[in-house]
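Residue numbers start at 1 and run along the sequence shown.
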Amino acid sequence: MTAETNIEIQNVVFACPGNSKESYDRGGRALATFYADLLGMRIAREDWFVLEDADDLDGLNLAFGDGPIDYRPPRWPDSESPQQMHLDISVRDLDDAEQRTLKLGASKLQDNASFRVYADPDGHPFCLYGTATQAAPRIERVVLDCFSPRSLADFYASLLDMPNRELDTPERVVIARSDGRLPALAFQHAQFPAPRWPDPAHPQQVHPDLRVVEPNAPRMHAARELAEQLGAIRLPDEGLGHRVYADPAGHPFCL
């Protein structure tokens, strides 16, 4: 990775209900408010709803909706309506965090020894881990489901300059930045029908927005060239003002 292709995740974008502008605004605000309350973030934009960490303006943002769509929620663990991508969130005390999470409107899906799985009010799964030392909940990992975790980890490790492997097994891989800045990326084995954006019958539910640090025309060209060299496929994006790609496992991302 060189300075000309310095790429990082800017937003994790959640699809949400709303097949008209009015209903989308209600749905986007409601889901943004849920995550703001859950994570202690603030709503920074309302033309489309974007959350920022008030204490770390260079950190990961969460965003909600791409405009009116026919949203179809995941039904985890149903492989025909898969989760595709989710957040791993660390908390200090799982029992206390669960009470608060359920009060905010989440639903509990599964209880494991080291973590618990919930669905937000619009059905997106997320996990809480009782591993935090800090008081506030924190996004530790963005997790992508895929058939081959090692192959997809190779793609994102090269694209985003995340060379450190915190875990490397056939079923699950976790990669991280050299400087330790969060979030890490995790890839876990699953078999499911991939999204076929923009086909509403095979929708995306969550996708990343990637940004080029200090962008200019040569940097943007180099970043797009790198993505394609690594195996990304460009998707229809006429009129959007940015490029849309699918990674080698079919997950859409914006660049």
Side-chain angles (χ1 to χ4, degrees), residues 1-16 48 50 60-67 69-72 74 82-87 124 139 141-163 173-177 183-255:
M1 181 70 64
T2 68
E4 286 71 28
T5 54
N6 191 0
I7 308 168
E8 63 183 20
I9 302 177
Q10 181 175 23
N11 306 313
V12 171
V13 185
F14 292 78
C16 52
W48 69 303
V50 177
L60 179 71
N61 297 337
L62 302 183
F64 302 88
D66 287 320
I69 61 169
D70 180 16
Y71 171 67
R72 301 186 184 189
Q83 64 183 356
Q84 301 174 2
M85 188 179 301
H86 72 275
L87 302 180
H124 306 94
I139 300 171
R141 292 172 293 274
V142 179
V143 187
L144 288 79
D145 283 10
C146 57
F147 185 78
S148 176
R150 283 175 169 160
S151 294
L152 197 59
D154 288 343
F155 170 82
Y156 280 101
S158 297
L159 183 66
L160 300 176
D161 193 17
M162 301 179 74
V173 177
V174 179
I175 62 174
R177 297 181 181 277
L185 287 181
F187 307 88
Q188 62 186 23
H189 170 69
Q191 297 191 54
F192 62 90
R196 301 179 192 172
W197 189 88
D199 181 355
H202 300 274
Q204 66 182 14
Q205 299 141 357
V206 183
H207 75 270
D209 284 348
L210 308 183
R211 75 179 186 99
V212 176
V213 178
E214 299 179 0
N216 56 35
R219 287 174 181 265
M220 291 301 300
H221 177 77
R224 293 164 178 166
E225 188 175 62
L226 175 64
E228 294 177 7
Q229 287 175 349
L230 292 172
I233 300 297
R234 187 175 176 184
L235 301 177
D237 52 29
E238 185 176 355
L240 292 179
H242 54 262
R243 297 279 178 92
V244 181
Y245 295 91
D247 68 26
H251 304 96
F253 66 89
C254 298
L255 177 59

*Going through the distances and angles, do Ile175 and Leu160 end up as a side chain to side chain contact (heavy atoms under 4.5 Å, CB included)?*
CA-CA 10 Å; Ile175 62 174; Leu160 300 176; over 6 Å; no
*May I have the step-by-step check of side chain to side chain contact (heavy atoms under 4.5 Å, CB included) for Tyr245 and Leu210, ending in yes or no?*
CA-CA 11 Å; Tyr245 295 91; Leu210 308 183; over 6 Å; no
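Between Phe64 and Cys16, the closest heavy-atom pair is C-SG, 4.2 Å. Of all non-hydrogen atoms in Pro248 and Gly231, the two that sit nearest each other are CG-O, 4.0 Å. Here the closest heavy-atom approach between residue Cys146 and residue Phe187 is recorded as SG-CB, 4.0 Å. When every heavy atom of Pro208 is checked against every heavy atom of Pro252, the shortest pair comes out as CD-O, 3.5 Å. Of all non-hydrogen atoms in Ala15 and Gln204, the two that sit nearest each other are CB-O, 4.1 Å. In terms of heavy-atom proximity, Ile7 sits nearest to Arg177 at O-NH2, 4.4 Å.
Distance check, rounded to the nearest 0.5 Å: CG of Asn11 to CG of Leu60 gives 7.5 Å. Atom CG of Leu226 is separated from atom CD of Glu228 by 10.0 Å, given to the nearest 0.5 angstrom. Atom CZ of Arg224 and atom CZ of Arg234 lie 7.0 Å apart (nearest 0.5 Å).
With Pro149 as the partner, the side chain to side chain contact (heavy atoms under 4.5 Å, CB included) test is satisfied by one option alone out of Val173, Asp154, Val174, Leu144: Val173. When each of Val143, Val12, Val142, Val206 is paired with His86, the side chain to side chain contact (heavy atoms under 4.5 Å, CB included) condition holds for Val143 and for no other.
In terms of the ring-ring contact (aromatic ring centres under 6.0 Å, His included) criterion, residue partners of His124 (sequence neighbours excluded) are, by chain and number, Phe14, Tyr71. Qualifying ring-ring contact (aromatic ring centres under 6.0 Å, His included) partners for His189, counting only residues two or more places apart in sequence or in other chains: Phe147.
Taking the side chain as every heavy atom from C-beta outward, Leu185 and Ile9 approach each other to under 4.5 Å. The shortest side-chain heavy-atom distance between His251 and Leu152 falls under the 4.5 Å cut-off. The shortest distance between side-chain heavy atoms of His207 and Cys254 falls below 4.5 Å. No side-chain heavy atom of Met162 sits under 4.5 Å from any side-chain heavy atom of Tyr156.
Counting heavy-atom neighbours within 6.0 Å of His221 NE2, excluding the residue itself, gives a total of 12 or less.
Sorted by first then second residue, the salt bridge (Lys or Arg N to Asp or Glu O under 4.0 Å) pairs that include residues 240-255, not counting sequence neighbours, number zero.
Listed for the Gln10 side chain is no donor-acceptor partner under 3.5 Å among the backbone atoms of Arg211. The backbone N or O of Val213 sits nowhere less than 3.5 Å from a side-chain atom of Asn6 that would complete a donor-acceptor pair.
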